Amino acid sequence: MIRKGNMRLKILILCLGCTLAGLFLQTWLFQSSSSQLIYNQAKDESYRSMQNMQDDVYTFIKSVESGLIDIYNQKDLITDLKRGVDIDTLRSTYYRSAYNLATENFETSLSVVSLYLYNSNHQNISTYRRAVTPRHNYPVDIYDNSQENNAEKVKEYFDSDSTQMLVSGYYNKYRETDIVRFVLKLYNYVNINSKVGYVVCDIDSKALWKILEKYRVDEEMFIWMQPLMDRPILSAGTLAENAKEDYSLVSKKVLEGSTELEHLQSEKKVFFSVYQDKYNLGAYSLMPRALLNKNQKVLTENLLLITLIMLAVVSISFYFASRTLSRPLEDMTRTVKRIQSGETQLRMENLKEDEVGELGKSFNNMLDQIEGLIAKEYENKLLLNRAEYQALQAQINPHFLYNTLDTMSSIAEIQNCSQVSALCQSLANIFRYSLNMKEPFSTVAQEMVHLKNYIYVMNVRMQNQVRYEFSIDDEVLQDSLPRISVQPLVENAVNHGLRNHKGEKVVRVTAETQGDCLVILVEDNGVGMTKERVQELYKEESQETEDKSRSIGILNIHRRMKLLYGEPYGLVIESEPDKGTRVYLRIPRRRQEEGQLWK
């Protein structure tokens with residue numbers, strides 16, 4: 001005796017097994033195919049964030065430079081610097097110049113902490129310091145303890161031929177923080193190659209630090225700014241112990257003047273660098289590789305959560321569904337036992353319209369041998385007729401489509417919508433020509449009519465952006481060629497040759513005879529292709545691969561011509577980048593007495 005509940009258990013195991021197999025397969029496919037994609041997307045997003053940060057930094061530095069350039073308004077100062085007035089006179093005359101420049105040209109938000117004015121001999125003329133306290137102390141002259149104040153970089157900059165503003169920095173031991181330094185050379189009004197002095201502006205790094213912090217997307221991300229061949233000037237974030245070695249290596253390479261840094265990636269850390277030439281300033285960041293994989297981890301956790309939810313839903317659904325399924329089966333089991341006991345006239349009753357009910361009906365038909373065989377044969381005939389009917393019903397009737405478009409054309413013409421009418425008529429002609437596969441061969445004339453219908457539709461769509469030129473020899477109008485051989489070549493020229501082309505867009509179609517051959521040329525003045533790309537097209541064709549790229553129409557026609565006419569025939573592609581593409585269709589001449597359509 002079959003134990004009650006065995007069927008339920010088997011159905012449950014089957015359902016849960018299928019569900020688990022599907023979900024685990026989905027998770028595995030995600031891990032194997034999507035993880036790298038998600039990682040690359042996160043990496044690209046982080047790199048774009050660094051570029052946006054550099055843009056904000058550039059804007060900030062530009063505002064500082066604008067404030068420093070205002071010193072040229074002090075014409076007397078520039079004149080005296082040009083004349084080489086002695087330092088004592090300059091100091092007595094312009095002792096407040098640094099103060100005026102700092103207080104009048106810079107907003108408080110820029111946090112200017114000190115400003116210095118020097119002549120070409122590196123002698124201090126004027127100094128401004130925002131505060132002088134034990135905790136807020138700045139040098140009176142940057143060349144006092146020049147190594148500590150990183151002043152040698154200023155001298156190197158002044159003695160160089162660089163015309164850009166210098167961005168540098170030093171560590172202020174009183175503030176225990178980095179100070180960002182900007183240095184602007186002063187030139188003679190008359191001779192721009194003559195340097196007469198320079199101005200040094202030191203700014204509290206917190207102003208730039210806010211920009212860095214804005215783009216630091218995670219607590220574990222460390223960002224710093226460092227000019228080429230100089231020390232780091234400021235940073236944001238906490239440098240982890242396992243990243244200090246990487247940071248030291250990168251900053252050392254930048255200090256040495258190296259820009260080849262991308263090879264410094266490690267297994268645990270991801271390194272980004274965005275450099276700007278204008279102010280010789282690079283932005284660098286180190287972040288745990290696991291941070292970029294965070295999205296992948298979240299998605300994996302969501303998949304596991306979905307798996308658990310699905311198991312719960314399947315179990316609950318099984319409980320209710322199994323009760324509906326098992327009751328009719330238990331009734332059938334009892335009926336079979338009674339029939340085995342001798343109640344041969346007994347039949348299944350109260351059958352529902354489902355799979356179990358169908359099983360009961362089949363069982364009843366099996367018991368009734370003669371009637372069952374007749375019913376079985378009749379049912380098979382009904383099923384066969386139904387299948388044939390459904391197959392016929394599922395077929396598309398092209399004539400219905402043609403007639404519908406013709407009707408739409410007539411209605412549009414009655415409504416004075418001439419363009420819609422013409423468009424419907426052209427579409428009807430295109431469908432009628434394309435779907436008539438009973439006649440695999442056509443004439444050049446018919447091909448050109450089909451092509452002109454296609455061009456009309458494309459002109460309506462593209463608002464006559466493309467100019468089409470035809471040069472068709474009357475002698476070839478009645479020549480035979482495989483149906484739909486020219487239109488795909490024009491379509492490729494429009495979609496791939498002219499889509500990204502700027503300026504006038506022209507497609508030329510030429511048909512002529514060359515000896516015993518019919519040659520049709522489709523050329524455009526579009527973006528063209530490299531020789532390597534043309535060779536790839538032939539290579540893909542020779543390998544008989546089903547190329548799903550943009551060359552599918554060309555390869556299809558090329559194969560058809562070779563199969564029909566032999567190896568010497570087919571397509572020849574000539575193309576040059578930015579000079580357009582020429583596609584030659586070459587086949588042997590055949591004649592058909594249908595040439596009046598084109599005329």
Side-chain angles (χ1 to χ4, degrees), residues 61 64-65 67-68 71 74 77-78 80-81 84-106 110-160 162 164-187 195-209 225-227 229-235 251 255 279-281:
I61 297 176
V64 175
E65 185 178 28
L68 293 178
I71 195 172
Q74 301 184 33
L77 170 62
I78 302 300
D80 287 346
L81 288 173
V85 175
D86 64 276
I87 188 61
D88 293 333
T89 302
L90 290 173
R91 286 173 177 170
S92 62
T93 305
Y94 303 106
Y95 70 95
R96 288 188 61 84
S97 293
Y99 174 85
N100 294 336
L101 184 64
T103 56
E104 295 176 4
N105 292 282
F106 295 96
L110 291 178
S111 301
V112 176
V113 297
S114 59
L115 193 143
Y116 310 88
L117 180 62
Y118 290 89
N119 63 9
S120 59
N121 295 322
H122 307 292
Q123 295 174 313
N124 180 263
I125 300 172
S126 177
T127 299
Y128 160 77
R129 294 189 294 170
R130 186 175 66 179
V132 182
T133 66
R135 292 196 59 185
H136 295 79
N137 193 8
Y138 310 97
V140 177
D141 189 331
I142 65 172
Y143 295 106
D144 296 339
N145 197 350
S146 62
Q147 184 175 3
E148 182 178 296
N149 296 325
N150 200 21
E152 292 304 318
K153 283 293 177 183
V154 179
K155 282 188 177 181
E156 291 177 9
Y157 160 72
F158 184 77
D159 295 336
S160 70
S162 175
Q164 300 173 352
M165 184 176 70
L166 173 69
V167 181
S168 184
Y170 74 97
Y171 182 77
N172 188 293
K173 63 181 180 180
Y174 301 99
R175 291 282 310 280
E176 296 182 349
T177 187
D178 289 308
I179 301 298
V180 183
R181 172 168 291 164
F182 303 92
V183 184
L184 182 69
K185 294 180 183 179
L186 302 179
Y187 295 93
K195 297 173 285 189
V196 298
Y198 55 95
V199 58
V200 179
C201 179
D202 290 348
I203 290 181
D204 194 328
S205 61
K206 67 180 181 181
L208 277 172
W209 179 86
M225 306 292 294
Q226 183 175 357
M229 301 184 70
D230 202 350
R231 65 181 294 278
I233 59 174
L234 78 155
S235 62
S251 59
L255 183 60
Y279 294 112
N280 182 36
L281 185 63

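Since the model is a prediction, treat every value here as computed from it, not as a measurement.
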Residues at least two apart in sequence or cross-chain that pass side-chain hydrogen bond (donor to acceptor under 3.5 Å, both in side chains) with Arg91, listed by chain then number, are none

To the nearest 0.5 Å, atom CG of Leu68 lies from atom CG of Asn105 at 8.5 Å

Sorted by chain and number, sequence neighbours left out, salt bridge (charged side-chain N to carboxylate O under 4.0 Å, His left out) with Glu152 holds for none

(Q) What verdict does the side chain to side chain contact (heavy atoms under 4.5 Å, CB included) test give for Leu117 and Ile71, after you've listed the backbone C-alpha separation in whole Å, the side-chain angles of each residue and the deciding distance to 0.1 Å? (A) CA-CA 10 Å; Leu117 180 62; Ile71 195 172; 3.6 Å; yes

On a heavy-atom basis, the closest approach of Lys206 and Ser111 is CE-OG, 3.6 Å

Measuring only between side-chain heavy atoms, which start at C-beta, is Phe106 closer than 4.5 Å to Ile203? no

Main-chain N/O of Pro139 paired to Tyr116 side chain as donor or acceptor, under 3.5 Å:
yes

Sorted by chain and number, sequence neighbours left out, side-chain hydrogen bond (donor to acceptor under 3.5 Å, both in side chains) with Asn150 holds for Ser168, Asp230

Heavy atoms of Val199 and Leu101 approach each other most closely as CG2-CD2, 4.0 Å

So CD1 of Ile179 and SG of Cys201: to nearest 0.5 Å the spacing works out to 11.0 Å

Note: Phe158 and Gly197 closest approach over all heavy atoms is CE1-O, 3.5 Å

Between the CG atom in Leu115 and the CG atom in Asn100, the distance rounded to the nearest 0.5 Å is 10.5 Å

Would you indicate whether the side-chain heavy atoms of Tyr118 and Val154 approach each other to under 4.5 Å?
-> no

Does the side chain to side chain contact (heavy atoms under 4.5 Å, CB included) test come out yes or no for Ile125 and Leu81, once each step is laid out?
CA-CA 10 Å; Ile125 300 172; Leu81 288 173; 3.5 Å; yes

| Any side-chain heavy-atom pair from Ile78 and Tyr187 closer than 4.5 angstrom? | no

Trace of the side chain to side chain contact (heavy atoms under 4.5 Å, CB included) decision for Asp159 with His122: CA-CA 11 Å; Asp159 295 336; His122 307 292; 4.1 Å; yes

**Item:** Tyr157 side-chain N/O to Val167 backbone N/O, donor-acceptor pair under 3.5 Å
**Value:** no

task = Under the salt bridge (charged side-chain N to carboxylate O under 4.0 Å, His left out) rule, what do Arg231 and Asp178 come out as? Steps first, then yes or no, please.
result = CA-CA 11 Å; Arg231 65 181 294 278; Asp178 289 308; 3.3 Å; yes

Applying side-chain hydrogen bond (donor to acceptor under 3.5 Å, both in side chains) to Gln123 and not counting sequence neighbours gives Asn119

Rounding to 0.5 Å, atoms CD (Glu148) and CG (Asn172) come to a distance of 8.0 Å

Minimal heavy-atom distance between Asn137 and Arg129, with the atoms involved, is OD1-NH1, 3.3 Å

- Message: Angle between ring planes, Tyr198 versus Tyr143, binned at 30° and 60°: parallel, tilted or perpendicular?
- Response: perpendicular

| Counting N and O atoms only, with roles assigned by atom type, does the side chain of Ser92 sit under 3.5 Å from a partner on the main chain of Thr89, one being a donor and the other an acceptor? | yes

Side-chain heavy-atom pair Arg96, Tyr94 within 4.5 angstrom cut-off:
no

Residues at least two apart in sequence or cross-chain that pass side-chain hydrogen bond (donor to acceptor under 3.5 Å, both in side chains) with Arg175, listed by chain then number, are Tyr138, Asp204

| request: Side-chain contact test, heavy atoms from C-beta onward, threshold under 4.5 Å: evaluate it for Ile233 versus Arg181 and give yes or no. | output: no

Taken to the nearest 0.5 Å, the spacing of Leu166 CG from Asn280 CG works out to 8.0 Å

>> Working note: Tyr279 + Glu65, criterion side chain to side chain donor-acceptor pair (under 3.5 Å); need CA distance, chi angles, decisive distance, verdict.
In response: CA-CA 10 Å; Tyr279 294 112; Glu65 185 178 28; 2.4 Å; yes

With sequence neighbours left out, the residues meeting salt bridge (charged side-chain N to carboxylate O under 4.0 Å, His left out) with Lys185 are none

Discussion item. Can a donor-acceptor pair be found, under 3.5 Å and without considering hydrogens, that links the side chain of Lys153 to the backbone of Gly169?
Written reply: no

- Task: Step by step, work out the side chain to side chain contact (heavy atoms under 4.5 Å, CB included) result for Val196 and Asp80.
- Result: CA-CA 9 Å; Val196 298; Asp80 287 346; over 6 Å; no

Shortest non-hydrogen pair, Asp141 vs Asn149, comes out as O-ND2, 4.2 Å

Minimal heavy-atom distance between Ala207 and Leu110, with the atoms involved, is CB-O, 4.2 Å

